[in-house]
Amino acid sequence: MPKLIWREPIETTTITSKPAGGEGPGLETVPRARLSPEQQAEPRRRVITLGDIAGRESGGLVVLLVAIGALTLASDEFLTGNNLSNLARQVAIFGIIAVGQLLVILTAGIDLSVGSILGLSGASTAQFLVAGMPIVPAILLGVGIGTALGIVNGLLVTRALLPPFIATLGMLGIARGIVLVSTDAQTIQGVPEAFQVIANGTILGIPNLLIVAAAVTAVMWFVLTRTVFGRYIYAVGSNPESARLAGVPVRMVTISVYMISGLLAGLGGVLLASRLGAGIPTAGTGFELSAIAACVIGGASLFGAKGSAIGAATGALIMGVLNNGGNLLAINAFYLQIAIGVLILVAVGFDQLNTRRSASGG
């Protein structure tokens, strides 16, 4: 495509309706007005802001830095190694689920079943281990259960044409009912010590859970920003019909994001069972709302096509820091719920304001 370059105003020749010295239309040279010096001046340079550098995650990063700074001043225990290690383990599982939820949100969908899938995968893995199955096959089966349920969600949305809210709400109840029936609502105990080391161990002083969460976030960041599949996800979330006409396999992309969400929920369930040393059938209750909140606080739009893996992880970290700080400062947990709710409303409000400004400016 040729580049646009600046040209000086030139005289133009127009065809007039009056004859010029003879029959037929005449030609008349009409000079174009030259621009004033003020109009020819170069446009002002726009100041680069944090939003230009960090994108939609900039707001979440600011909130995170402010929260960390405030808690550092308010509590001497916040920056201790033991507290930071506990914080990393608490946030890691939320972060993994939030990244999976983000992929669904980017396609303008929602997955309300991740908490129940997490509980089913974790309890099933614990049952396999107590029954004598080796650790690796038990983990693969636990993650596979989550992946299979994610595929079912995708098929319900794309083939049965159910709204994502209804399809995943139904799966929420199904998965939770299955785990309660299969465990008789009893905690599964007696998992091997080697399995517990997976989530509670460290490598060079860094908790394993944090390493896994960082790896998942990095992989999803690469997928969304550097692969064709990532572009397809944003295209589906922006306008599925236009994406279909452009050759994007909309159904396959939609099924894939629900599958990945289920896979990461299953992985989160396995890691939670490892961290607790038991399979708890009620584990993951409410995690779906926390994952959605983390995505929204991190800059994702529930209307699709806006958000990033780093933003979702940042949102999860903000929620973890607030909960951790509340425990250190002995703040009533109900006030923390209010604070998180306010953050969600503010994040959505800013997103809507920016959207309206962009529309009016365009």
Side-chain angles (χ1 to χ4, degrees), residues 49-64 91 94-112 114 150 153-154 157 164-165 168 213-214 216-240 242-243 248 250 253-254 256-265 268 287-320 340 343-359:
T49 63
L50 179 61
D52 298 320
I53 300 174
R56 294 176 61 87
E57 308 89 55
S58 58
L61 291 175
V62 171
V63 173
L64 179 61
V91 172
F94 282 117
I96 292 171
I97 299 173
V99 171
Q101 182 75 245
L102 172 73
L103 299 184
V104 177
I105 290 178
L106 287 177
T107 61
I110 202 78
D111 190 351
L112 299 178
V114 291
N153 282 335
V157 172
F165 184 93
T168 57
V216 169
T217 303
V219 169
M220 289 299 105
W221 171 85
F222 179 83
V223 168
L224 291 174
T225 60
R226 295 293 186 270
T227 67
V228 175
F229 177 68
R231 296 186 188 130
Y232 284 173
I233 292 175
Y234 284 103
V236 172
S238 178
N239 191 320
S242 297
V248 176
V250 175
V253 170
T254 304
S256 297
V257 296
Y258 282 97
M259 179 190 72
I260 296 173
S261 178
L263 184 151
L264 293 180
F287 278 28
E288 57 279 347
L289 299 181
S290 298
I292 296 170
C295 293
V296 172
I297 293 173
S301 172
L302 294 178
F303 297 100
K306 295 179 182 179
S308 69
I310 295 177
T314 300
L317 188 56
I318 291 172
M319 296 178 63
I340 292 174
L343 276 177
I344 294 173
L345 294 178
V346 170
V348 174
F350 273 117
D351 179 67
Q352 293 298 304
L353 179 61
N354 291 332
T355 301
R356 287 195 295 268
R357 284 180 176 177
S358 299

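For the numbers below, each heavy atom of this structure counts, side chains included, while hydrogens, waters and symmetry mates do not.
Taking every heavy atom of both residues into account, G237 and A305 meet most closely at C-CB, 3.8 Å. When all heavy atoms of C295 and A98 are compared, the pair lying nearest together is SG-O, 3.2 Å. Residue Y234 comes nearest to G307 through the heavy atom pair OH-O, 2.6 Å, listed as atom of the first residue, atom of the second, then distance. Pairing each heavy atom of M220 with each of I260, the nearest pair is SD-CG2, 4.4 Å. Heavy-atom minimum distance, M319 versus A294: SD-N, 3.7 Å. Taking both residues in full, the closest heavy atoms of N239 and S242 are given as OD1-N, 3.1 Å, listed atom of the first, atom of the second, then distance.
Rounded to the nearest 0.5 angstrom, L102 CG and K306 NZ are separated by 14.0 Å. Going from atom CG of D111 over to atom CG of N153 covers 5.5 Å, rounded to the nearest 0.5 Å.
Put simply, the side chain of I105 reaches to within 4.5 Å of the side chain of L302, judged on heavy atoms. Between Q101 and I110, the closest side-chain pair of non-hydrogen atoms falls below 4.5 Å.
Looking at V346, I318, I297 one by one, the single match for side chain to side chain contact (heavy atoms under 4.5 Å, CB included) with V63 turns out to be I318.
Side-chain atoms of T254 come within 3.5 Å of backbone N or O of V250 as a donor-acceptor pair.
Annotation: side-chain contact (heavy atoms from CB on, under 4.5 Å) contacts of I233 (sequence neighbours excluded): L103, L106, T107, L224, F229, V253, V257.
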